[in-house]
Each structure stands twice: as structure tokens, then as C-alpha cells.
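Working notes for the structure below.
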Amino acid sequence: MQKVIIIGASSGLGKEVAKLLIADGYTLGLAARRTQPLEDLKALAPERVMVHAIDVTSDDAPQELEHLIDMVGGIDLFIYTAGVGFQNMELEPDIELKTVNTNALGFTRMIGAAYRYMAEHGGGHIAAISSIAGTKGLGAAPSYSATKAMQNTYLQALEQQAHMRNLNITFTDLRPGFVATPLLGDNPQYPMLLKTERVAKEIVTAIKHHRHVWVIDWRWRIATALWRRIPRCLWRHLKVK
Ligand SMILES: NC(=O)c1ccc[n+]([C@@H]2O[C@H](COP(=O)([O-])OP(=O)(O)OC[C@H]3O[C@@H](n4cnc5c(N)ncnc54)[C@H](OP(=O)(O)O)[C@@H]3O)[C@@H](O)[C@H]2O)c1
């Protein structure tokens with residue numbers, strides 16, 4: 001596996017995973033809306049890091065992805081880490097719709113583009129950072145948790161479809177708990193908060209081991225296994241932030 005595309009590499013987990021893969025000697029195509037952080041990553045290995053601006057909410061994003069794949073010379077691994085997340089106790093419509101636009105529509109647009117490309121070019125590996133937030137509906141972040149559940153289900157469906165069509169495409173659904181990235185703001189106060197560098201390492205290991213679903217870290221594996229067992233009649237009374 002040599003050629004990797006990362007969508008959402010300008011910050012947080014995507015940026016950290018990119019650094020690890022650059023150090024490992026991979027050839028990379030990096031995308032996000034902001035290009036300066038991508039150029040900074042390119043400076044680490046200019047001969048094997050290509051960068052390109054892509055906005056996943058834009059209709060032409062699949063064409064831009066194909067352009068980036070051409071720049072890299074193919075694709076073996078597609079890592080999708082673009083996303084937004086907000087708490088929205090006032091249920092501000094702009095926030096809800098922006099989240100759906102990026103995490104559901106953008107995700108579907110880009111995962112679909114990568115899947116179709118791989119279907120036509122002999123296969124590959126699709127990895128996406130979803131979240132533990134998809135495990136249950138979270139009152140503090142309705143559209144975030146709902147779009148993450150959608151991502152979980154979509155990847156499960158594509159995995160089955162690829163098998164039904166005998167496509168050589170494999171999937172890794174990565175589900176971190178809370179991570180101290182810019183997505184959580186400047187002073188995140190969240191339980192069992194994880195360090196970005198550590199989560200990025202676990203992401204790379206899970207991808208290399210071709211995990212199908214990987215919750216990060218072990219404490220969140222236990223927490224989400226317990227969450228799943230909480231009945232709806234009880235869940236609605238809990239204050240989960
Ligand atoms: N931090 C957490 O606690 C946590 C926990 C579980 C899962 N996750 C998930 O991990 C993923 C990465 O998040 P992060 O925590 O690393 O946050 P982050 O630092 O804010 O990074 C988000 C990335 O997504 C990109 N992005 C956002 N909107 C985009 C758009 N319209 N088009 C293209 N790229 C876009 C951003 O790039 P530009 O702004 O330059 O476009 C940035 O590179 C997200 O899917 C998030 O839901 C995060």
C-alpha cells in the first residue's frame with residue numbers, strides 16, 4: 001500500500017495521521033479547504049506529497065478528488081477525516097444544517113467517489129474517521145451524533161455491497177472518543193479526553209491491520225459497549241455532554 005489520499009488533512013487527526021504516513025515513506029495526496037497547512041505538510045517531503053484544495057460540500061468535489069488521484073498517480077488507501085462538530089443546545093438551524101451538509105452529504109459524496117473509482121481500478125482500502133458519537137443520539141449534539149450514526153451505517157452497507165459485487169475494496173470505520181483537536185475548541189472540558197498524537201497512531205495501526213471497526217481507546221470501547229445496553233426509556237433521562 002503506497003498511495004494514500006487524506007481528505008481533511010489541514011488540522012487535527014487528519015494532519016497528525018498525514019505526518020505519520022509521511023514519516024513512514026508513503027506517497028500522499030492531501031486535501032482540505034485551507035491549503036497553507038497542507039503546504040506545510042508538503043514541505044516535509046515535497047517529492048511525494050501533493051496537495052489540493054477540496055471542499056467536500058461542493059458539487060465538483062468528486063472531480064477535484066479525481067484530479068488529486070491523478071496528481072498522486074493512483075490510490076491504494078483513501079482516508080476520510082473531514083468533518084465538523086458542534087454542541088447545539090439551542091438547536092440553531094444553521095449549525096444543524098452545516099453539520100448535515102458536511103458530515104452526511106459531503107461524506108456520501110466523497111466516500112462514493114472513492115468507492116466508484118476503486119471499483120473501476122481494481123480495488124483499494126477506504127478508512128473513515130466517524131466517532132463514538134454515532135453510538136447513541138446525544139442531546140447536546142443532535143446532528144453530529146445523527147450524522148456519525150449515518151456514517152457508521154453507510155460504511156457497513158458499502159462493505160456488504162463490495163462483497164456482493166466481488167469488489168476488492170476493504171473498509172475501516174474508526175471511532176475515537178473525545179480528542180483534543182480544534183474541533184472541540186480552545187479549552188475542551190470533556191471526559192476521557194484523548195491526545196491527538198496518540199489517537200493518530202492508533203488510527204494508523206488499525207488501518208494497517210485492516211480493522212473493520214475500531215473504537216479508540218480501550219476505555220471508550222468499554223463505555224460505548226455499556227451505552228448500547230442502556231434502554232431508550234432510561235437514555236432520555238441522562239445528561240450526556
Ligand atoms: N475531536 C474529537 O473529539 C473527535 C472525536 C471523534 C471523531 N472525530 C472526527 O474526526 C474527524 C476529524 O476531526 P478533528 O477532530 O481532527 O477536527 P479538526 O481539527 O477540526 O479537523 C477537521 C478537518 O476537516 C476538514 N473539513 C471540514 N469541513 C470541510 C469541508 N467542507 N471540506 C473539506 N474539508 C473540511 C478541515 O479542513 P478545512 O477547514 O481546512 O477545510 C480539517 O482538516 C471529524 O470527522 C470528526 O467528527 C473527532
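Values in this document were obtained by computation on a predicted structure and should not be read as measured data. When a ligand or atom number is given, it counts from 1 through the structure's own listing order. For this chain, numbers begin at 1 and follow the sequence in order.
No salt bridge links D40 with K15; every basic N to acidic carboxylate O contact stays at or beyond 4.0 Å. Remark: E16 engages K19 in a salt bridge, criterion side-chain N to carboxylate O under 4.0 Å. In summary, D173 and R211 do not engage in a salt bridge, as defined by a charged side-chain N under 4.0 Å from a carboxylate O.
Among protein heavy atoms, the minimum distance from atom 23 (C) of ligand 1 is reached at G8 O, 3.9 Å. Looking from atom 15 (O) of ligand 1 to the surrounding protein, the closest heavy atom is T181 OG1, 2.5 Å. For atom 43 (O) of ligand 1, the nearest non-hydrogen atom of the protein is S10 OG, 2.8 Å. The shortest contact between atom 39 (O) of ligand 1 and any protein heavy atom is with R33 NH2, 3.0 Å. The shortest contact between atom 19 (O) of ligand 1 and any protein heavy atom is with S11 OG, 2.5 Å. When only non-hydrogen protein atoms are considered, atom 6 (C) of ligand 1 lies nearest to P176 O, 3.3 Å. Looking only at protein heavy atoms, the nearest one to atom 16 (O) of ligand 1 is L13 N, 2.8 Å.
For R116, there are no salt bridge (Lys or Arg N to Asp or Glu O under 4.0 Å) partners at least two apart in sequence or on another chain. For D24, the salt bridge (Lys or Arg N to Asp or Glu O under 4.0 Å) partners two or more places apart in sequence, or in a different chain, are K208.
Residues V215 and L183 share a hydrophobic cluster, clusters being chains of Ile/Leu/Val/Met/Phe/Trp/Tyr side chains in contact below 4.5 Å.
Taking distance alone, with nitrogen or oxygen atoms compared against 3.5 Å, G12 approaches ligand 1 more closely than that limit. Between V179 and ligand 1, a contact under 3.5 Å exists for at least one N or O pair. Residue contacts with ligand 1: L184 is placed with no nitrogen or oxygen under 3.5 Å of a nitrogen or oxygen of the ligand (distance criterion only). Backbone and side-chain nitrogen or oxygen atoms of V56 are examined, and one is located within less than 3.5 angstrom of a nitrogen or oxygen of ligand 1. For V84, no nitrogen or oxygen atom sits less than 3.5 Å from a nitrogen or oxygen atom of ligand 1, counting backbone and side chain alike. Remark: ligand 1 and T102 share no N or O pair separated by less than 3.5 Å (distance only, no angle test). Close N/O approach between G83 and ligand 1 is found [any backbone or side-chain N/O within under 3.5 Å].
Counted by atom type alone, T172 and H125 present one or more donor-acceptor pairs between their side chains at under 3.5 Å.
The environment of H209 atom NE2 is sparse: at most 12 non-hydrogen atoms of other residues, nucleotides or ligands sit within 6.0 angstrom.
Side-chain contact between I207 and I79 is present, with at least one heavy-atom pair separated by less than 4.5 Å. Counting heavy atoms from C-beta outward, V4 and D76 have side chains that stay 4.5 Å or more apart. V49 has its side chain within reach of L30: a pair of non-hydrogen atoms, C-beta onward, lies under 4.5 Å apart. Under the 4.5 Å side-chain criterion, counting only non-hydrogen atoms from C-beta, V213 is in contact with R175.
Looking at Y144, F178, Y190, W220 and measuring to atom 46 (C) of ligand 1, the nearest heavy atom belongs to Y144. Of the candidates G85, G177, S131, it is G177 that places a heavy atom closest to atom 4 (C) of ligand 1.
Proximity of the aromatic rings of Y144 and F86 is defined here by a centroid distance below 6.0 angstrom, and this criterion is not met.
Residue-ligand proximity, D55 to ligand 1, at heavy-atom distances under 4.0 Å covers atoms 30 (C), 31 (N), 32 (N). Taking every non-hydrogen atom of P182 and a distance limit under 4.0 Å, the qualifying atoms of ligand 1 come out as 19 (O). Listed by number with element, the atoms of ligand 1 under 4.0 angstrom from any heavy atom of T57 are 31 (N). Near I54, the atoms of ligand 1 lying under 4.0 angstrom from a non-hydrogen atom of the residue are 32 (N), 33 (C).
Taking 4.0 Å as the cut-off, S130 counts as a neighbour of ligand 1 on heavy-atom distance. In this structure, K148 has a heavy atom closer than 4.0 Å to ligand 1. The closest approach between a heavy atom of G106 and any atom of ligand 1 is not below 4.0 Å.
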